[in-house]
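See below for the structure under consideration.
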Amino acid sequence: MELKLKLISNSGIAEAIAKTEVYRYLNEPGEAESICRDILAIDPDNQAALRLLGLAITDQFTGEASDRYSESERVFRGLASEYERVYHLGILQERKGKAQLGAGRPPHAVLPIFEEAMGLFEQAEKIRPAGNDDPILRWNRCLRLLQSRISSEWSKEMEEFDASEGPPV
């Protein structure tokens, strides 16, 4: 038996997209990712598959060094629509921040990640399709997350530095 990936049919793409969404809902992002890669093997510019692939990758974030931030960013940058690109880059940052908080990173260390996400959501809000409030909903979620912790957790004063303790200049 030859171990080689098989190609799906063009006529099966719509059904494969639907299966991808189901696997994401079932919290099986690895299955969703695999299906997206099968779709992209025959239709490399399929926007739904690109979007879902990027999301499936972010669904797997744990806040560890093994997270594939660069790969999901590359996928989202491949989206043709400026709105979709900016909005999903915001989701990438939001999920990166949440994963790092969940992994125990101190809030002040992940604050810039949430600020970047919120900035991207603000950009997406300006160019969103009529009636699409998704970037507002995501921005509000980030803000509520920031507000859920006392402000001192989000900022850390620099330790005082005594210049006399450093090497001679």
Side-chain angles (χ1 to χ4, degrees), residues 1-103 105 110 112-146:
M1 173 167 62
E2 184 180 357
L3 298 178
K4 181 179 169 189
L5 293 173
K6 297 181 179 189
L7 297 178
I8 65 171
S9 64
N10 279 321
S11 61
I13 290 177
E15 181 68 23
I17 292 287
K19 283 182 182 6
T20 299
E21 291 170 340
V22 168
Y23 280 119
R24 284 195 66 237
Y25 292 140
L26 293 173
N27 197 26
E28 295 187 28
E31 301 295 330
E33 179 182 347
S34 179
I35 294 170
C36 288
R37 293 188 187 286
D38 289 335
I39 295 166
L40 293 167
I42 63 167
D43 185 4
D45 296 323
N46 187 294
Q47 296 297 290
L50 285 169
R51 178 177 47 80
L52 289 166
L53 174 60
L55 291 171
I57 293 169
T58 66
D59 289 341
Q60 298 173 64
F61 286 174
T62 62
E64 301 301 324
S66 60
D67 286 347
R68 298 178 288 156
Y69 304 126
S70 297
E71 184 179 357
S72 56
E73 180 178 356
R74 193 170 43 256
V75 170
F76 288 142
R77 288 197 182 281
L79 294 171
S81 158
E82 182 183 2
Y83 165 75
E84 290 287 328
R85 191 170 43 255
V86 172
Y87 175 71
H88 285 91
L89 288 169
I91 288 179
L92 162 63
Q93 294 302 318
E94 178 187 6
R95 290 183 174 186
K96 178 180 180 180
K98 286 178 179 177
Q100 290 192 7
L101 274 179
R105 304 291 184 286
V110 298
I113 298 169
F114 284 106
E115 290 171 339
E116 172 142 1
M118 293 171 80
L120 288 161
F121 292 139
E122 284 183 328
Q123 288 177 37
E125 180 185 354
K126 293 175 185 171
I127 57 175
R128 74 188 194 270
N132 181 340
D133 290 335
D134 290 349
I136 295 169
L137 297 171
R138 302 293 349 141
W139 194 92
N140 287 346
R141 175 60 184 127
C142 288
L143 180 60
R144 287 186 178 105
L145 188 88
L146 296 178

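Please read all numbers here as calculations on a predicted model, not as lab measurements. Because only heavy atoms are used, hydrogens play no part in the values below, and waters and symmetry mates are left out as well, while side chains stay in.
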Indicate yes or no: does E94 engage R141 in a salt bridge with an N to O separation below 4.0 Å.
no
Shortest non-hydrogen contact from L7 to A41?
CD2-CB, 4.1 Å
Do other residues, nucleotides or ligands put more than 12 heavy atoms under 6.0 Å from L5 CG?
no
Roughly how far, to the nearest 0.5 Å, is CD of E125 from CG of D133?
8.0 Å
Flag the pair R95 and D59 as a salt bridge only when some basic side-chain nitrogen lies within less than 4.0 angstrom of an acidic carboxylate oxygen.
yes
A48 to N46 - nearest heavy-atom pair and separation
N-OD1, 3.2 Å
Residues two or more places apart in sequence or in another chain: which of them pass side-chain contact (heavy atoms from CB on, under 4.5 Å) with N10?
I13, I42
Working to the nearest 0.5 angstrom, can you tell me the gap between I127 CD1 and S81 OG?
7.0 Å
Is there a donor-acceptor contact under 3.5 Å from the side chain of Q60 to the main chain of A56?
yes
About how many Å separate CD1 of I35 and OH of Y23, when rounded to the nearest 0.5 Å?
5.5 Å
Checking D67 side chain against T62 main chain: does a donor-acceptor pair fall under 3.5 Å?
yes
Between L52 and I39, does a side chain to side chain contact (heavy atoms under 4.5 Å, CB included) hold up when you go through it step by step?
CA-CA 11 Å; L52 289 166; I39 295 166; over 6 Å; no
List for me each residue that meets side-chain contact (heavy atoms from CB on, under 4.5 Å) alongside E122, sequence neighbours excluded, and say none if there are none.
W139
What closest approach, in Å, do A16 and I8 show between heavy atoms, and which atom pair accounts for it?
CB-CD1, 4.3 Å
Would you compute the distance between atom CD1 of I113 and atom CG of L101 and round it to the nearest 0.5 angstrom?
8.5 Å
Taking only residues at least two apart or on different chains, which pairs with a member in residues 81-103 satisfy ring-ring contact (aromatic ring centres under 6.0 Å, His included)?
F76-H88, Y83-Y87, Y87-F121
Give a yes or no answer on whether the side chain of S34 reaches the backbone of G30 with a donor-acceptor pair at less than 3.5 Å.
no
L120 side chain reached by L92 side chain, heavy atoms, under 4.5 Å:
no
Using the salt bridge (Lys or Arg N to Asp or Glu O under 4.0 Å) rule, collect all pairs that involve residues 42-51, keeping only residues at least two apart or in two chains.
none
For R105 and G63, indicate whether the former's side chain and the latter's backbone hold a donor-acceptor pair under 3.5 Å.
yes
For residues 36-67, which residue pairs pass the ring-ring contact (aromatic ring centres under 6.0 Å, His included) check, not counting sequence neighbours?
F61-Y69
Just wondering, do I17 and E21 contact through their side chains at under 4.5 Å, heavy atoms?
yes
A80 to Q47 - nearest heavy-atom pair and separation:
N-OE1, 2.7 Å
A side-chain contact here means heavy atoms from C-beta on lying under 4.5 Å apart; do R128 and I136 qualify?
yes
Sequence neighbours left out, what passes salt bridge (charged side-chain N to carboxylate O under 4.0 Å, His left out) with R77? Give chain and number order.
E73
Value for CD (E82) from CD (Q123), rounded to nearest 0.5 Å, stands at 8.0 Å
From L53 atom CG to D38 atom CG, the distance as rounded to the nearest 0.5 Å:
11.0 Å
Do you know which two heavy atoms are closest between C36 and A49, and how far apart they sit?
SG-O, 3.6 Å
Is a donor on one side and an acceptor on the other found under 3.5 Å between the side chain of T58 and the backbone of L55?
yes
